[in-house]
Amino acid sequence: MTPTVIQAAGLQKSFKDVAVLRGVDFQVGRGEIFALLGSNGAGKTTTINILSTLIKADAGTARVAGFDTARQPEKVRQVISLTGQFAAVDEILTGRENLVLVARLRGVPDASRMADRLLAQFGLGDAADKRAGTYSGGMTRRLDIAMSLVGDPQVIFLDEPTTGLDPEGRLEVWNTIKELAGRGTTILLTTQYLDEAEELADRIAILHEGRIIVDGTLDELKKLLPPARIEYVEKQPTLEEIFLAVVGKKEEAVSR
């Protein structure tokens with residue numbers, strides 16, 4: 001059985017008189033991609049902030065890699081990394097300089113070699129010495145995630161990682177997330193995009209009005225609805241498929 005790496009039990013949190021979390025419970029196993037779905041205000045970011053020790057819960061418990069987030073925050077911070085909704089990249093620095101800076105802050109030996117390895121891993125080698133402010137949205141997000149991997153954290157929290165990205169940038173980030181999970185990294189991501197959760201997640205939880213109302217694999221969630229009727233319809237391409245096909249053809253023509 002896969003060991004539990006993240007555990008939330010009865011989490012409650014209020015801000016002034018507004019109850020944001022009303023008793024949140026879930027578990028995430030090692031190497032899983034766990035997606036937390038919910039509309040704005042559902043409590044997704046609050047949940048991640050508790051798990052990453054940025055704030056304390058009013059009630060309930062949370063454990064990450066066996067450490068209690070309230071009583072052992074320093075231990076938790078040593079094994080996690082957090083990527084927020086907005087990239088924490090210094091646009092004045094180059095991609096390499098951003099990575100070296102984070103490595104030195106975290107006390108990682110041989111920061112330059114580590115930076116080169118991550119730049120190559122995330123396909124940023126050619127842009128390593130360019131200012132991060134010149135990067136595309138997808139490149140910036142990849143650099144942001146690369147920075148979160150400094151020190152090889154066991155757990156990565158991704159809070160709406162593809163917000164504001166174009167279709168190509170989203171695919172780049174999706175591929176990165178899959179590669180991380182494939183190497184055994186445990187990932188908890190929040191998203192408002194249903195297709196993103198469907199594409200990435202091993203398990204999905206829906207957070208609504210401060211509570212988890214359903215939690216399971218995609219197949220398990222589908223069983224909550226009546227069996228689908230089989231109908232034969234003409235399938236039209238999605239706008240994303242059209243966009244990627246057209247852009248791909250243009251790039252091919254330029255390369256020739």
Side-chain angles (χ1 to χ4, degrees), residues 1-88 105-106 144-145 147-149 151 153-161 163 177 180-181 185-193 196-197 200-217 220-221:
M1 186 174 180
T2 304
T4 298
V5 176
I6 302 173
Q7 185 175 33
L11 292 183
Q12 298 180 31
K13 184 66 180 178
S14 296
F15 295 98
K16 295 184 178 179
D17 296 329
V18 179
V20 179
L21 301 183
R22 304 167 183 266
V24 170
D25 303 89
F26 63 84
Q27 296 183 358
V28 185
R30 185 176 63 84
E32 273 193 321
I33 301 176
F34 184 87
L36 196 57
L37 296 182
S39 55
N40 286 333
K44 303 187 303 297
T45 298
T46 299
T47 301
I48 279 193
N49 286 345
I50 291 172
L51 292 169
S52 59
T53 76
L54 293 179
I55 61 175
K56 290 186 177 181
D58 298 332
T61 59
R63 301 183 71 85
V64 178
F67 302 115
D68 187 287
T69 60
R71 293 182 298 172
Q72 301 168 290
E74 296 85 3
K75 295 289 187 182
V76 173
R77 292 169 193 155
Q78 290 175 9
V79 298
I80 69 167
S81 188
L82 169 64
T83 298
Q85 295 182 23
F86 304 100
L105 289 173
R106 299 197 72 164
D144 195 33
I145 295 175
M147 290 164 61
S148 72
L149 289 183
Q154 296 180 41
V155 179
I156 297 179
F157 297 108
L158 300 174
D159 195 6
E160 300 191 12
T163 296
I177 292 171
L180 292 174
T185 305
T186 302
I187 297 173
L188 189 156
L189 66 89
T190 70
T191 183
Q192 298 183 63
Y193 303 131
E196 183 160 272
L200 295 176
D202 298 302
R203 287 193 304 118
I204 300 165
I206 298 177
L207 183 61
H208 182 65
E209 296 183 350
R211 290 189 177 90
I212 300 289
I213 58 175
V214 67
D215 173 2
T217 66
E220 289 170 343
L221 298 187

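Residues: numbered from 1 along the sequence shown.
- Here the closest non-hydrogen pair linking Thr191 and Ala197 is CG2-CB, 4.2 Å.
- Closest heavy-atom contact between Leu37 and Tyr193: CD2-O, 4.4 Å.
- Taking Arg77 as the reference, nothing meets the salt bridge (Lys or Arg N to Asp or Glu O under 4.0 Å) condition, with sequence neighbours excluded.
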Test side chain to side chain contact (heavy atoms under 4.5 Å, CB included) on Ile6 and Phe34; report intermediate values, then the result. CA-CA 10 Å; Ile6 302 173; Phe34 184 87; over 6 Å; no
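- Salt bridge absent: Arg22 and Glu209 never bring a charged side-chain N and a carboxylate O closer than 4.0 Å.
- Shortest non-hydrogen contact noted between Ile48 and Leu158 is CD1-O, 4.1 Å.
- Looking at every heavy atom in both residues, Ala62 comes nearest to Ile50 through CB-CG2, 4.4 Å.
- The side-chain hydrogen bond (donor to acceptor under 3.5 Å, both in side chains) test applied to Thr46 returns no partner, not counting sequence neighbours.
- Put simply, the side chain of Leu180 reaches to within 4.5 Å of the side chain of Leu149, judged on heavy atoms.
- Scanning both residues, Gly210 and Leu207, for their nearest heavy atoms gives C-CD1, 3.8 Å.
- Considering Ile212, Val24, Asp215, Ile204 as possible partners of Leu36, the one that fulfils the side chain to side chain contact (heavy atoms under 4.5 Å, CB included) test is Ile212.
- Listed here is the closest heavy atom pair of Ile187 and Ile177: CD1-O, 3.6 Å.
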